[in-house]
Amino acid sequence: FPVTIVSIGAVCSKTGQEFYKECNIFEHNEISGQALSINGFTEDQVRDVNKPNPLDIYIQFLEWCNGRPNILAGHNIGSFDVQFLKHLHELYNETNPTKWPFKYQYVDLHSMAFIHFKESLSHAKIAVRLGLEPEPSPHNALAGARSEFNCIKKLLEVYHESQV
């Protein structure tokens, strides 16, 4: 797996509690200039040996998820973010054999918005169309999770209002 995560951010839909951790990337991983411009990190920040590695923050994320609804939600979640998490889960499985905890339960903001707006939209355009502030730039895993959570919540409210 040539690329990796630099942070994990999440919001619990039940409690509003948040999880955010940054890591250094594995030595053998690459980081593109485009990725750095999107997430606002520098090469030095993603290679900071004082930060935990991606597997360590994945394990912390699993611990944080324990007892919470194990449904992943986000924009293009299944085709993007989940792939990084699955790779980390495979590494974790090498010493701690466990099943994938998310059981393919994903809520995809892009798909929900496509159904509602009848067109493919970026995360930022979805937020604006819903009357919400777009995620601040540069992208941060927690800010993204907050924004995606708010967009999904708003889309569900709009859907429920239309059913009344």
Side-chain angles (χ1 to χ4, degrees), residues 1-110 122-128 132-154:
F1 208 75
V3 294
T4 191
I5 62 167
V6 295
S7 60
I8 296 177
V11 177
C12 178
S13 62
K14 270 186 158 177
T15 65
Q17 290 175 306
E18 299 176 339
F19 176 91
Y20 181 72
K21 298 285 180 183
E22 295 177 4
C23 59
N24 69 28
I25 63 174
F26 294 122
E27 285 182 38
H28 60 277
N29 286 128
E30 302 169 10
I31 186 81
S32 74
Q34 180 184 10
L36 292 173
S37 68
I38 290 169
N39 61 40
F41 288 110
T42 65
E43 179 94 21
D44 288 340
Q45 288 173 311
V46 299
R47 296 204 183 274
D48 181 351
V49 296
N50 296 313
K51 290 181 181 177
N53 69 49
L55 184 56
D56 289 338
I57 69 166
Y58 176 71
I59 293 167
Q60 291 174 35
F61 178 61
L62 286 179
E63 290 168 358
W64 181 82
C65 288
N66 193 23
R68 290 184 167 83
N70 283 350
I71 299 174
L72 298 174
H75 191 265
N76 289 322
I77 188 83
S79 62
F80 191 74
D81 303 85
V82 167
Q83 302 312 310
F84 293 99
L85 295 175
K86 279 186 174 181
H87 172 68
L88 291 171
H89 193 78
E90 288 171 11
L91 294 175
Y92 179 65
N93 256 355
E94 289 175 9
T95 55
N96 301 285
T98 56
K99 290 183 180 179
W100 172 244
F102 304 104
K103 301 177 188 152
Y104 305 98
Q105 300 175 115
Y106 316 129
V107 176
D108 182 54
L109 172 60
H110 182 264
S122 68
H123 174 191
K125 287 181 180 177
I126 294 167
V128 170
L132 302 170
E133 290 292 320
E135 175 190 358
S137 184
H139 169 73
N140 167 290
L142 181 57
R146 287 175 182 151
S147 178
E148 292 158 353
F149 172 75
N150 288 332
C151 287
I152 290 169
K153 188 172 152 185
K154 183 74 171 180

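When reading the values below, keep in mind they use all heavy atoms of this one structure, side chains included, and skip hydrogens, waters and symmetry mates. Positions are given from 1, in the same order as the sequence printed here. Please read these numbers as outputs of a predicted model, since none were measured by experiment.
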Sidechain-backbone polar pair: [X] side chain, [Y] backbone, donor-acceptor under 3.5 Å:
{"X": "Asp108", "Y": "Ile77", "answer": "yes"}
{"X": "Gln83", "Y": "Gly78", "answer": "yes"}
{"X": "Ser147", "Y": "Gly144", "answer": "no"}
{"X": "Lys51", "Y": "Gln45", "answer": "yes"}
{"X": "Glu18", "Y": "Gly9", "answer": "no"}

Gap between atom [atom2] of [Y] and atom [atom1] of [X] - 0.5 Å precision:
{"X": "Leu91", "Y": "Leu55", "atom1": "CG", "atom2": "CG", "result": "6.0 Å"}
{"X": "Leu85", "Y": "Phe80", "atom1": "CG", "atom2": "CZ", "result": "10.5 Å"}
{"X": "Ile152", "Y": "Ser13", "atom1": "CD1", "atom2": "OG", "result": "9.5 Å"}
{"X": "Leu72", "Y": "Asp81", "atom1": "CG", "atom2": "CG", "result": "8.5 Å"}
{"X": "Ser7", "Y": "Asn140", "atom1": "OG", "atom2": "CG", "result": "6.0 Å"}
{"X": "Ile8", "Y": "Leu142", "atom1": "CD1", "atom2": "CG", "result": "12.0 Å"}

With the side chain counted from C-beta on, respond yes when [X] and [Y] share a heavy-atom pair under 4.5 Å apart, and no when they do not.
{"X": "Asn93", "Y": "Thr98", "result": "yes"}
{"X": "Asn39", "Y": "Val6", "result": "yes"}
{"X": "Asn24", "Y": "Val46", "result": "no"}
{"X": "Glu148", "Y": "His123", "result": "yes"}
{"X": "Val82", "Y": "Trp100", "result": "yes"}
{"X": "Tyr58", "Y": "Ile5", "result": "no"}
{"X": "Cys151", "Y": "Leu132", "result": "yes"}
{"X": "His89", "Y": "Pro101", "result": "yes"}

Quiz item: Would you call the rings of Trp64 and Phe19 parallel, tilted or perpendicular if under 30° counts as parallel and over 60° as perpendicular?
Solution: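 Trp64 vs Phe19 ring planes: tilted.
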Quiz item: Does a sphere of radius 6.0 Å around NZ in Lys86 hold more than 12 heavy atoms from other residues, nucleotides or ligands, not counting ones at 6.0 Å or beyond?
Solution: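 Yes, the 6.0 Å shell around NZ holds more than 12 heavy atoms from other groups.
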Quiz item: Considering residues, nucleotides and ligands other than Asn96, do more than 12 of their heavy atoms fall under 6.0 Å from its CG?
Solution: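 Yes, enclosed.
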Practice problem: Mind running side chain to side chain contact (heavy atoms under 4.5 Å, CB included) on Asn150 and Lys154 for me, showing each step along the way? | Solution: CA-CA 6 Å; Asn150 288 332; Lys154 183 74 171 180; over 6 Å; no
Of all heavy-atom pairs between [X] and [Y], which one has the smallest distance, and what is that distance?
{"X": "Pro52", "Y": "Ile57", "result": "CG-CG2, 3.6 Å"}
{"X": "Ala127", "Y": "Pro134", "result": "CB-CA, 3.9 Å"}
{"X": "Ile126", "Y": "His110", "result": "CD1-CA, 4.4 Å"}

Quiz item: Given Glu43, which of Asp48, Ile25, Ile31 fulfils the side chain to side chain contact (heavy atoms under 4.5 Å, CB included) condition?
Solution: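 With Glu43 as partner, side chain to side chain contact (heavy atoms under 4.5 Å, CB included) holds for just one option, Ile31.
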